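Please read all numbers here as calculations on a predicted model, not as lab measurements. Because only heavy atoms are used, hydrogens play no part in the values below, and waters and symmetry mates are left out as well, while side chains stay in.
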Amino acid sequence: MFNMLRMDLQRLFKSRSFKIILLVTAALILMVSLMTAVVSDPETLDDMGAHGAEIEEIDRQMSEEIRNMTQLDLAHETLGGGFLLIIVGIGVTLFVHGDFSSGFIKNTCCVQPRRIRYVLSKALAVGVYSGIITLLGIVLILLAPNLFSLHPAPSPIPAILQYLFWMWLPHWAFGLMALALVLLTRSTTLGIILSLVAGGGLTAVLLGTLSNLLHWPHLEQYLLAAVVKGLYMPRSGMTHVEMVLACAAVWAAVYGIGSLLSMEKRDI
């Protein structure tokens, strides 16, 4: 299995899609940082107002809030909406589907008939993939604002490392969702669509609305997008650690079992 994992990681780091995903992630975060810096500058708002733009009091309040944010506050405002979930889901979909589009899967399964090893290798590769994307996203959002003269208050290094770790776990579980969908459908379409919908929080909104209408418990809080969004917010009941561990473990188990069943039930 570890030989298979090594081959997977070598293919991952050499793949064009991986490099494109990294570049897109970096470019989008730089753009968001630039827009944030512009919105947070009172002089820029005054200049925009002088040239006819409608600048309301709520805009000035938001500008002041941004200037008062710490590094982690700003990072979570940017990444807590599911941006990195979408990136991870799409990236994993493209990477795993490459095995089927290239025919590499046939050679792999001939050499290694036990498909559980294939699934475990891919699951570990997804963990590395999601870890790289999460690390890149957080490092860039911590450093990029300084390029545009926005200097949020520094956050303690231990707090940043904890935030990085607890962000990584649900992103890994979300990547396993993309893995399961590719192994089940052998197509990139559904994986990309569901990454956009679920990662952006639309499924959580729909489930929350349905729960309110039917007077169900608030099940949407256990979806991975909701876990990521609530990671840096006060929560009653379960602690952040318990919520992240429980949700990431349960969803990872569901998607892992789904991946294994998909491989066992279908011919390669």
Side-chain angles (χ1 to χ4, degrees), residues 58 62 65 72-73 75-93 96 119 122-123 126-127 129-130 133-134 137-138 162-265:
I58 189 172
M62 182 176 65
E65 288 178 2
L72 278 181
D73 292 333
H76 192 70
E77 282 295 320
T78 304
L79 305 179
F83 166 66
L84 292 184
L85 288 174
I86 295 173
I87 294 294
V88 167
I90 294 176
V92 170
T93 298
V96 177
V119 173
K122 279 293 184 288
V126 169
Y129 195 110
S130 58
I133 297 298
T134 306
I138 292 178
Q162 289 178 15
Y163 182 72
L164 171 62
F165 179 74
W166 297 119
M167 280 285 279
W168 169 56
L169 291 182
H171 284 79
W172 185 359
F174 194 85
L176 293 178
M177 178 200 71
L179 170 63
L181 286 174
V182 173
L183 296 182
L184 177 63
T185 65
R186 313 292 162 88
S187 170
T188 60
T189 304
L190 184 59
I192 291 175
I193 291 175
L194 194 55
S195 295
L196 292 168
V197 172
L202 180 58
T203 52
V205 172
L206 293 176
L207 183 58
T209 303
L210 184 62
S211 298
N212 287 331
L213 291 175
L214 300 179
H215 304 288
W216 291 351
H218 291 285
L219 301 177
E220 73 278 2
Q221 64 179 320
Y222 302 114
L223 298 182
L224 293 171
V227 171
V228 169
K229 184 176 182 179
L231 186 63
Y232 201 59
M233 299 169 60
R235 185 187 300 277
S236 59
M238 298 178 70
T239 66
H240 291 164
V241 173
E242 292 171 341
M243 177 65 79
V244 174
L245 284 177
C247 292
V250 169
W251 286 115
V254 170
Y255 296 137
I257 293 171
S259 298
L260 183 58
L261 292 176
S262 299
M263 287 293 291
E264 293 289 352
K265 296 296 184 180

Practice item. Test Y129 against V92 for side-chain contact (heavy atoms from CB on, under 4.5 Å), laying out the working first. Key: CA-CA 8 Å; Y129 195 110; V92 170; 4.3 Å; yes
For the atom pair [atom1] ([X]) and [atom2] ([Y]), what is the distance rounded to the nearest 0.5 Å?
X: I138; Y: H76; atom1: CD1; atom2: NE2; result: 10.5 Å
X: D73; Y: E65; atom1: CG; atom2: CD; result: 10.5 Å
X: L183; Y: S262; atom1: CG; atom2: OG; result: 6.0 Å
X: S195; Y: L190; atom1: OG; atom2: CG; result: 9.0 Å
X: L181; Y: R186; atom1: CG; atom2: CZ; result: 12.5 Å
X: M167; Y: T134; atom1: CE; atom2: OG1; result: 6.5 Å

Side chain to side chain contact (heavy atoms under 4.5 Å, CB included) with [X]: which residues, sequence neighbours excluded?
X: A204; value: E220, L223
X: I86; value: I90, L196
X: V205; value: T209
X: I193; value: T189, V197

Check your understanding: Excluding sequence neighbours, so at least two apart, what forms side-chain hydrogen bond (donor to acceptor under 3.5 Å, both in side chains) with W166?
Key ->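 Per chain and number, W166 pairs via side-chain hydrogen bond (donor to acceptor under 3.5 Å, both in side chains) with no residue.
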**Study point:** Any residue meeting side-chain hydrogen bond (donor to acceptor under 3.5 Å, both in side chains) with S259, in chain and number order, not counting sequence neighbours
**Key:** none
Closest heavy-atom contact between [X] and [Y]?
X: P170; Y: A248; answer: N-CB, 4.3 Å
X: A225; Y: G199; answer: CB-O, 4.1 Å
X: G256; Y: V119; answer: O-CG1, 4.2 Å
X: T203; Y: A198; answer: OG1-CA, 3.5 Å

Taking the side chain as every heavy atom from C-beta outward, state whether [X] and [Y] have any atom pair closer than 4.5 Å.
X: V182; Y: T188; result: no
X: V254; Y: M177; result: no
X: L210; Y: W216; result: yes

Point to revise | Listed partners of W251 passing ring pair (Phe, Tyr, Trp, His ring centres under 6.0 Å), at least two apart | key: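 In terms of ring pair (Phe, Tyr, Trp, His ring centres under 6.0 Å), with neighbours along the sequence ignored, W251 is linked to Y255.
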Practice item. Kindly say whether A123 contributes a backbone atom to a donor-acceptor pair with the side chain of W172 at under 3.5 angstrom? Key: yes
Review point. Taking it one step at a time, do I133 and H171 satisfy side-chain contact (heavy atoms from CB on, under 4.5 Å)?
Key: CA-CA 9 Å; I133 297 298; H171 284 79; over 6 Å; no
**Study point:** L169/L245 under side-chain contact (heavy atoms from CB on, under 4.5 Å): CA gap, chis, key distance, verdict
**Key:** CA-CA 8 Å; L169 291 182; L245 284 177; 3.9 Å; yes
Practice item. Carefully, step by step, assess F174 and S130 under the rule side-chain contact (heavy atoms from CB on, under 4.5 Å). Key: CA-CA 9 Å; F174 194 85; S130 58; over 6 Å; no
